[in-house]
Q: 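First the structure, then my questions, so here it is.
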2 protein chains.
Amino acid sequence: MAVRLPLGFEIAGVTAGLKASGKPDLGLVYSPYPLAWALTSTDNLVKAPCVSRNRSRYTSRAAVRGIVVNSGNANCATGERGIWDNEDMAGAVAAALALARVQDMLTASTGVIGEPLPVDRIRQAVPALTGALGDDSGAFADAILTTDTAPKQVAATVDGGGRILGIAKGSGMIHPNMATMLAFILTDVDVSQDALRAMWPGIVERTFNQITVDGDTSTNDMAIVLSSRQLAADVHAFADALEEVAGKLARKIARDGEGAEHLLSVRVTGARTGPEARDAARTVAGSALVKTAVHGADPNWGRILAAIGRSSAISDLANLRIALQGVTVYQGVARPFDRQALSERLRAEEILIEVDLAAGESVGEAWGCDLSPAYVRINADYTT
Amino acid sequence: MAVRLPLGFEIAGVTAGLKASGKPDLGLVYSPYPLAWALTSTDNLVKAPCVSRNRSRYTSRAAVRGIVVNSGNANCATGERGIWDNEDMAGAVAAALALARVQDMLTASTGVIGEPLPVDRIRQAVPALTGALGDDSGAFADAILTTDTAPKQVAATVDGGGRILGIAKGSGMIHPNMATMLAFILTDVDVSQDALRAMWPGIVERTFNQITVDGDTSTNDMAIVLSSRQLAADVHAFADALEEVAGKLARKIARDGEGAEHLLSVRVTGARTGPEARDAARTVAGSALVKTAVHGADPNWGRILAAIGRSSAISDLANLRIALQGVTVYQGVARPFDRQALSERLRAEEILIEVDLAAGESVGEAWGCDLSPAYVRINADYTT
């Protein structure tokens, strides 16, 4: 996929030999300019060294120059060695690019937990990696994948010519807050670091934190936005475009959930508060029983109702409404519907569940996927 | 299975025609004596009428005379009609037994949500049901099953000759607090209602609330203990025996989780508090990635570590220890182990995961099962 890069970025992806499959596994985003940046990362108590290192850099508020990402190995739970291996990965790239400080290069790793990172292979691949720097965002998008079935890129433009390009990987261990998910969003819009950091957590809250594949959260997740600040634009227009890119990436990740055949969108209206709306939507999207029903094209709205009931949202049960693919199946009581026809409509690639809690004015959305036998097969056999 | 009933109880199970399979679906526990009782029931905001009715009776603190249970239909989300149908079910049995008050008969329903209860069939079956009252606990155990593959009975005796008999059903929508799970525990031990109600929530907290199959919680769950108070016994010995029965039933439910091939036991030590230990154990037992790894006999301890990290438990990560089937695989860092040999040991029917959080003295246990393609098949096709 050819996507025009925002100004002030170079990008690359190569094969370092970390994956048994021999697929690309080392990616790099680089800028000759100091980059304004914003970060959200995993809440898991167990954090990979890349997450801790980026967080520490984040606190310093200094600009960065890029990020090096490997797939095939999470370099997590690898002890003190993992910390030095992570530092080595950054150092090798910083040296090849003649950066003033190794700290200017961020890191990210994704893959199996608990295996030592073969950092020698990464070091050996760094000359090829920096040599490949150019405008092929697809090579980077390929290099960060693990069990994803497709690369994930989303682009948008902002009035005035500014660009936003988002690149992400899923696809298991996906759950709020921040799943085994990496998202890198590049922009040339001139937004200040303060403004970027002010808008980013809210955008992540409504997008990446609203997708769930299996309820497991990872040790390595991060979503980063990097700006080269080359082109002026209205900050509100930029924020809207950034949220659009993040939302589309989030839905791509959910759609490509391990073993998934359907994208499941849950729209909750009538909640007392936004957090209650989002929690209700997430609980429905994350329910194993709802997910298996979607897989079976089964209009089993009782499971949706039960999931809402165990969420934190207060609802008016006498007026609560549930619709599947636009067909109201419950409103205080069961509504008659053509089960056969609705089951047919549940075979669509995108499934929409709408819930009106009838308790207020707030809305929220979440995205997930069906739970299939393929999910089990993929995960029953990941390391051995 | 022939189990001697505690004194002062009669029991029955018959076929009322609520299940398409034609299997038994209507059960009754009855006592000629006023029964002391204790109840825990679902926290789901959406509650079936049977749950609300029993709770209301519970608040009155009056004794009861028994409970009528149907399977094949949860009579939940069935509107006002569901309330009257539930009342009718109790009324038909109370009339047949010539009880002074219909409120003396508790109710429980389990099965599909949102379909009207065919209460006429239940009414027609009540003479056969009350006529069948006797000592065949197996007939009752069969009549309360849904997707369970086996009936679940556990018996214990208390010094002095007192008996405890527990009968339960699983097996999907199993999660704290109180899953699609019904548990009825009968005893002839003379324990006061106050003592029973004081000990029961703690026992449930450590047993039924520590099992998880799929993270979904139901609208109909309850665990009830009924005492005919015929035989004297030490109250502490009774509490121990009651916890043993509840724990064994809980493990039977987890082992019979939908599609499960393994019972997964998680023992957490070294936690700062009991609730943290239990939460960590539950989080590991409930992780889709841990469950699929167990299904695949894959010693993927990184997923266990990641699950602990997203639980509420504080741990000392440098000293945290993980053992699989008695083999230490992680202690601050990865420990070498024979992957092939351990994978073989993970093919056992019971899988033990031990985690030492190295942060305190508290312990906790949880039980679950593997996640298999069969779970998906069972649930993708439950109503249609």
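To find a chain, count down the sequence lines: A is the first, B the second, and so on, and within it residues start at 1. FYI, side chains are in, hydrogens and waters are out, and symmetry mates aren't considered; it's all heavy atoms of this structure.
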Q: At a heavy-atom distance under 4.5 Å, which candidate from Gly259(B), Pro116(B), Ala77(B) has the highest pair count against chain A?
A: Ala77(B)
Q: What closest approach, in Å, do Asp298(A) and Ala380(B) show between heavy atoms, and which atom pair accounts for it?
A: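 Minimum heavy-atom separation between Asp298(A) and Ala380(B): CB-O, 3.9 Å.
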Q: Where is the tightest heavy-atom contact between Pro373(A) and Pro373(B), given as atom of each residue plus distance?
A: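 Result for this residue pair: CB-CB, 3.8 Å.
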Q: Gly114(A) and Trp301(B): which non-hydrogen atoms are nearest, and at how many Å?
A: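 Answer, listing the atom of Gly114(A) first, then Trp301(B): CA-CH2, 3.3 Å.
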Q: How far does OH of Tyr375(A) sit from CG of Leu289(B), to the nearest 0.5 angstrom?
A: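 If I round to the nearest 0.5 Å, the distance is 4.0 Å.
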Q: Quick one: OG1 on Thr292(B) to CZ on Arg377(A), what's the gap to the nearest 0.5 Å?
A: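 Rounded to the nearest 0.5 Å, the OG1-CZ separation comes out at 12.5 Å.
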Q: Could you measure the distance from the CG atom of Leu317(A) to the NZ atom of Lys47(B)? Nearest 0.5 Å is fine.
A: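 Those atoms lie 9.0 Å apart.
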Q: How far apart are the closest heavy atoms of Val376(A) and Leu371(B), and which atoms are they?
A: CG1-O, 3.2 Å
Q: Can you tell which part of Ala318(B) gets under 4.5 Å to a heavy atom of chain A, answering side chain, backbone, both or neither?
A: neither
Q: Of all the heavy-atom pairs spanning Val46(B) and Gly309(A), show the shortest one and how long it is.
A: CG2-CA, 3.9 Å
Q: Heavy-atom cut-off 4.5 Å, strictly under: side chain, backbone, both or neither for Ser315(B) against chain A?
A: both
Q: What is the minimum heavy-atom distance between Gly79(A) and Val333(B), and which atoms define it?
A: CA-CG1, 3.5 Å
Q: I'd like to verify something: which residue of Ile308(B), Thr78(B), Leu320(B), Leu305(B) has the highest number of heavy-atom pairs under 4.5 Å with chain A?
A: Leu305(B)
